[in-house]
Novice: 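Handing you a structure now.
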Amino acid sequence: MLQIELPDGSVKEVATATTPYDIALSISEGLARQAIAARFNDQLIDVYAPLETSGTLALITQNSPDALEIIRHSCAHLMAQAVKELYGDDVQVTIGPAIKDGFYYDFYSETKKFVPEDFPVIEAKMAELAKADMPVSREVMGRDEAIGMFREMGEAYKVELIEDLDVETVSLYRQGNFVDLCRGPHVPRTGVHKAFKLTSLAGAYWRGDEKNAMLQRIYATAFLNNKDLKAHIARLEEARKRDHRRLGRELDLFSFSEDAGGGLVLWHPKGAMLRMIIEDFERKEHLKRGYEIVVGPQILKTELWKMSGHYENYRENMYFTEVDEQGYGIKPMNCLAHMLIYKSKPRSYRNLPVRYFELGTVHRHEKSGVLHGLLRVRGFTQDDAHIICRPDQIDQEVKSIMSFVQDVAGIFGFEYTMELSTRPDKSIGSDEDWDRATNALRSALEDSGQPFDINEGDGAFYGPKIDVKLKDALDREWQCATIQCDFTLPERFDLTYVGADGEKHRPVMLHRVIVGSIERFIGVLIEHYAGSFPLWLSPVQAIVLNVTDNQADYAQQVFEQLRAAGIRVEVDLRNEKLGFKIREAQMAKIPYMLVIGDREMEEQKVAPRFRNGKNLDPCTVSEFIDFVAAESAAYK
RNA sequence: GCCGCCCUAGCUCAGCUGGUAGAGCAACUGAUUCGUAAUCAGUAGGUCGUCGGUUCAAGUCCGAUGGGCGGCUCCA
């Protein structure tokens, strides 16, 4: 007999090979009907999995947090089954996991090309299979037997998967005449699937390797019910409205031109203003923290890029030019100039660290398929700094960079995720250096109190790094801040400082950016604020609106007063109705509209209207100026 | 770069199975002077991304090419 402890603390005695379903049934028929899977000793299992040992058991119903993931994974099987039934031997199955917000399944076919028009057909077949409410059963098979079976079925990818598994047996899931290699767990019956939708098609390399075959991926999503599915689709629609590419055009911030070239941003006046505000902010914040501003050239001799290793490792991403038989590389990074500045005179240990900051504009030839609005471009400006310090200073420096990152994230109200990437197989430098650097990064991360992931072996070849990622409107993550420890470039460029002992020593260099690239940051920022920037960031902070021509002179005068006071202000004197002007200002997401009618003119006041529709009490121009100054000083 | 899809006026989109283009908004002109999200009327605007092919005839079919979108690989 087995002792099974339930979530309420009670213990049931059951025979060996009793299933979670049996136990559920013994509690209530309803529970048994609703059970999707079970959690046994912290492991997810099928409701029909026979229990072999004593332990704790919790049934997973629709309301459990794990339910959706299991349903989506099972729904991927349902989709694969539908595809196999419809397109049969033309299509081979590969893998189909649950992902955030849904699932996908990758198919291989030489003949069948999926098109969006197939979606309704596949969905209909899925609905039919779901309605048939087939039992989903698990079976365990010997490795070789399974290989033989899939080979016979013509499923070469499944064969390859099993061949790479170092196990004696594999588990298979069968529903109707569809069988798939899978770890599980799965829902007990296909009838569980009630709300699903195919969403998009994409290519994907087999096992994520571009040397492998290109598979056809069908993305889809599934929910517990149609209401949740509809809500999800509505959320996606909302996210589309926040898309920075759309808002960039609507708010007249920036554009791209085929004539200029892909990934090269054209900043319109309002976008350039936003950029300038952020750049001013950056300079101020860096000076406050002991950085010195430097400026390097856009192009440097090709020989220098050879010395740094960029020519060897980064060449395909670089643009080159030649003048008077001398080759130059357009900089993809700012570090070289900073090192040359460091090298321009002897350095003492007393004067370290040096912290060189540059809003450095770099150009990188990114593959055409990866360009994405402002989030992935070919020419961008980094808030880049290089800190050259003694090895014993790494710890302190990394900590201050982390706190800088936290300050900035706090000001903009960003949540972020962090990752530590450690030494890759192919790397240079001593174990001691790597340990010191990795520990410095790790302890700074731990001190930050924020959770972080570790990417083993994902560091740069010259040193470990911390990456900080922000999310866009669709929850896609984009790397912004990064902190990298570098022992190589100081070596290659023979950077030295004179120590207390009078000898020359090798410094360490930290590469770091806080927002990353201004372009990417603004892209994320636009989506974060949905275009409604806080006052201090708004390219236009206020707009003066007259009700009729009668107040035109006074409105113009108010406008000039505000502009003279340093407020970013516009005036709309057009012969249009007030409602029309307000609508336009509202759509331009301008924080304050200053309405001027005869009343205000008489009292020498303005009537401010906030973009959320609320009105402030009429006030004098100088009161409004003070108000704006106070608000924006606090980064609000 | 790879896979799929898309590309019609400044923007958002119509245009059935091929018969030489249409709406709304924006723009411009005029009238209106009207207090918190669209005043009315009129005018103008497109070699249907580009090049080539099929056809009596192509925005509509085929091919190539450029750009964009969604992924994959790569990355700030």
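Treat the numbers as computed from the prediction; the structure is a model and nothing was measured. Lettering of chains follows the sequences in order, A, B, ..., and the numbering in each one begins at 1.
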Novice: B/A37 and B/U20: how far apart are their C1' atoms, nearest whole angstrom?
Specialist: 43 Å

Novice: Which one, B/A37, B/A76, B/U36, comes nearest to the side chain of A/Q586?
Specialist: B/A37

Novice: Could you tell me whether A/V513 contacts a base, only the sugar-phosphate backbone, or nothing, with contacts defined as non-hydrogen atoms closer than 4.0 Å?
Specialist: nothing

Novice: Measuring only the C1' atom in each nucleotide, how far is B/G45 from B/G22? A whole number of Å is fine.
Specialist: 13 Å

Novice: Give me the one residue out of A/R289, A/E285, A/M402 that meets side-chain contact (heavy atoms from CB on, under 4.5 Å) with A/D407.
Specialist: A/R289

Novice: Does a side-chain N or O of A/R246 approach OP1 or OP2 of B/C11 to a distance below 4.0 Å, or not?
Specialist: no

Novice: From the options A/H528, A/H372, A/H244, select the one residue that forms a ring pair (Phe, Tyr, Trp, His ring centres under 6.0 Å) with A/W478.
Specialist: A/H372

Novice: Just wondering, do A/L375 and A/R520 contact through their side chains at under 4.5 Å, heavy atoms?
Specialist: yes

Novice: Let me know the distance between NE2 of A/H511 and C1' of B/C75, rounded to the nearest Å.
Specialist: 16 Å

Novice: Taking the minimum atom-to-atom distance to the side chain of A/N615, which one of B/A26, B/A76, B/U36 wins?
Specialist: B/U36

Novice: Using whole Å, report how far CD of A/E366 lies from P of B/G1.
Specialist: 12 Å

Novice: Below 4.5 Å, heavy atoms only, C-beta onward: do A/L470 and A/Y416 meet side chain to side chain?
Specialist: yes

Novice: Under 4.0 Å between a side-chain N/O of A/R245 and OP1 or OP2 of B/G70, yes or no?
Specialist: yes

Novice: Distance check, P atoms only: B/C72 and B/U29, in whole angstrom units.
Specialist: 50 Å

Novice: Please state how far atom CD1 in A/I582 lies from atom C1' in B/U36, giving the value in whole angstrom units.
Specialist: 3 Å

Novice: Would you say whether A/F380 stacks on B/A76? The test is a distance between ring centres of less than 5.5 Å and an angle between planes of less than 30°.
Specialist: yes

Novice: From B/G35, B/A37, B/U33, pick the nucleotide closest to the side chain of A/V595?
Specialist: B/G35

Novice: To the nearest Å, give me how far apart CZ (A/F256) and P (B/C69) are.
Specialist: 8 Å

Novice: From B/G35, B/G71, B/A76, pick the nucleotide closest to the side chain of A/E600?
Specialist: B/G35

Novice: Out of B/C34, B/C72, B/A76, which nucleotide sits closest to the side chain of A/R217?
Specialist: B/C72

Novice: Report yes if a side-chain nitrogen or oxygen of A/R520 is closer than 4.0 Å to either non-bridging phosphate oxygen (OP1 or OP2) of B/C75; otherwise report no.
Specialist: no

Novice: In this structure, how many angstroms lie between the P atom of B/C25 and the CE atom of A/M587, rounded?
Specialist: 12 Å

Novice: Taking A/D280 first and then A/R283, would you say they form a salt bridge - that is, a charged N and a carboxylate O separated by under 4.0 Å?
Specialist: yes

Novice: To the nearest Å, give me how far apart CD1 (A/I99) and P (B/C72) are.
Specialist: 8 Å

Novice: From the list B/C11, B/A76, B/U33, which nucleotide is the closest neighbour of the side chain of A/Q382?
Specialist: B/A76

Novice: By nearest nucleotide on RNA chain B, pick out whichever of A/S200 and A/L578 is the more 5' one.
Specialist: A/L578

Novice: Give a yes or no on whether A/K197 atom NZ has more than 12 heavy-atom contacts from other residues, nucleotides or ligands under 6.0 Å away.
Specialist: no

Novice: Choosing from B/A76, B/G4, B/C72, which nucleotide comes nearest the side chain of A/K113?
Specialist: B/G4

Novice: For A/F521, report the nucleic acid contact type (base, sugar-phosphate, nothing); a contact means any heavy atom under 4.0 Å.
Specialist: nothing

Novice: Any non-hydrogen side-chain atom of A/Y105 less than 4.5 Å from a side-chain atom of A/L215?
Specialist: no

Novice: Is the number of heavy atoms from other residues, nucleotides or ligands under 6.0 Å of A/R207 CZ greater than 12?
Specialist: yes

Novice: Does OP1 or OP2 of B/G70 have a side-chain N or O of A/H372 closer than 4.0 Å?
Specialist: yes

Novice: Within the structure, does a side-chain N or O atom of A/T482 lie under 4.0 Å from either OP1 or OP2 of B/A76?
Specialist: no

Novice: How would you label the contact of A/Q479 with the nucleic acid (heavy atoms, under 4.0 Å): base, sugar-phosphate, or nothing?
Specialist: sugar-phosphate

Novice: When rounded to the nearest Å, what value does the distance between P atoms of B/A64 and B/G71 take?
Specialist: 26 Å

Novice: Please report, rounded to the nearest Å, how far the P atom of B/G1 is from the OH atom of A/Y205.
Specialist: 11 Å

Novice: In whole Å, measure the gap between the C1' atoms of B/C74 and B/C3 for me.
Specialist: 16 Å

Novice: Looking only at atom P, what distance separates B/U8 and B/U50, rounded to whole Å?
Specialist: 10 Å

Novice: For B/A76, does OP1 or OP2 lie under 4.0 Å from any side-chain N or O of A/R378?
Specialist: no

Novice: Does A/R240 reach a base, just sugar-phosphate, or nothing at all? Heavy atoms under 4.0 Å.
Specialist: nothing

Novice: Just how far, in rounded Å, is C1' of B/C75 from CG of A/D458?
Specialist: 11 Å

Novice: Mind checking the P distance from B/C13 to B/U73? Whole angstroms is fine.
Specialist: 30 Å

Novice: Name the closest nucleotide to the A/S368 side chain, picking from B/A76, B/G1, B/G4.
Specialist: B/G1

Novice: Any strand is fair game: report the nucleotide pairing with B/G22 by Watson-Crick or G-U wobble, both distances under 3.5 Å, or none.
Specialist: B/C13

Novice: Identify whether any heavy atom of A/E519 sits under 4.0 Å from a base atom; if not, whether one sits that close to sugar-phosphate; answer base, sugar-phosphate or nothing.
Specialist: nothing

Novice: Base, sugar-phosphate, or nothing for A/D209, non-hydrogen atoms under 4.0 angstrom?
Specialist: nothing

Novice: Of the nucleotides B/G35, B/C5, B/C75, which one has an atom closest to the side chain of A/R376?
Specialist: B/C75

Novice: In whole angstrom, give me the gap between the C1' atoms of B/C61 and B/U54.
Specialist: 8 Å

Novice: Which nucleotide, B/C2, B/U73, B/C34, lies nearest any side-chain atom of A/M214?
Specialist: B/C2

Novice: Both A/L371 and A/N317 contact RNA chain B. Which one's nearest nucleotide lies toward the 5' end?
Specialist: A/L371

